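Notes follow the structure.
No experiment lies behind these values; they were computed from the predicted model shown.
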Amino acid sequence: MGGISAAQFQTNYTFALMKMSMRDAEAQAQEMIEMLSDMPAPAQYGFDVWA
């Protein structure tokens, strides 16, 4: 492993996986936003009716 400890490697590996899954989630969110933007927007503040 030349130089880095197992703990350091584990940390880097975990962080890399986390960044990858965050990037995936970001890509999915972007797709969802594009999908939703194709639909007509709901009336603004419609959710305030019961407030």
Side-chain angles (χ1 to χ4, degrees):
M1 282 264 186
I4 67 170
S5 67
Q8 183 66 48
F9 177 77
Q10 181 66 46
T11 300
N12 290 348
Y13 182 73
T14 302
F15 191 65
L17 284 181
M18 194 172 67
K19 285 207 307 196
M20 274 171 33
S21 66
M22 280 168 55
R23 196 161 46 221
D24 287 351
E26 197 177 358
Q28 287 171 9
Q30 188 65 42
E31 286 174 22
M32 189 176 284
I33 288 167
E34 287 170 10
M35 207 169 62
L36 290 175
S37 70
D38 289 341
M39 299 181 199
Q44 199 175 11
Y45 304 126
F47 55 82
D48 280 345
V49 171
W50 303 109

Could you pull out every donor-acceptor pair under 3.5 Å between side chains of residues 23-32 and any protein atom, sequence neighbours left out?
none

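Partners of L17 according to the side chain to side chain contact (heavy atoms under 4.5 Å, CB included) rule, which considers only residues two or more places apart in sequence or in another chain, are Y13, M20. Under the side chain to side chain donor-acceptor pair (under 3.5 Å) criterion, S21 pairs with no residue at all, not counting sequence neighbours.
Residue M22 belongs to a hydrophobic cluster whose other members are F15, M18, with links defined by side-chain heavy atoms closer than 4.5 Å.
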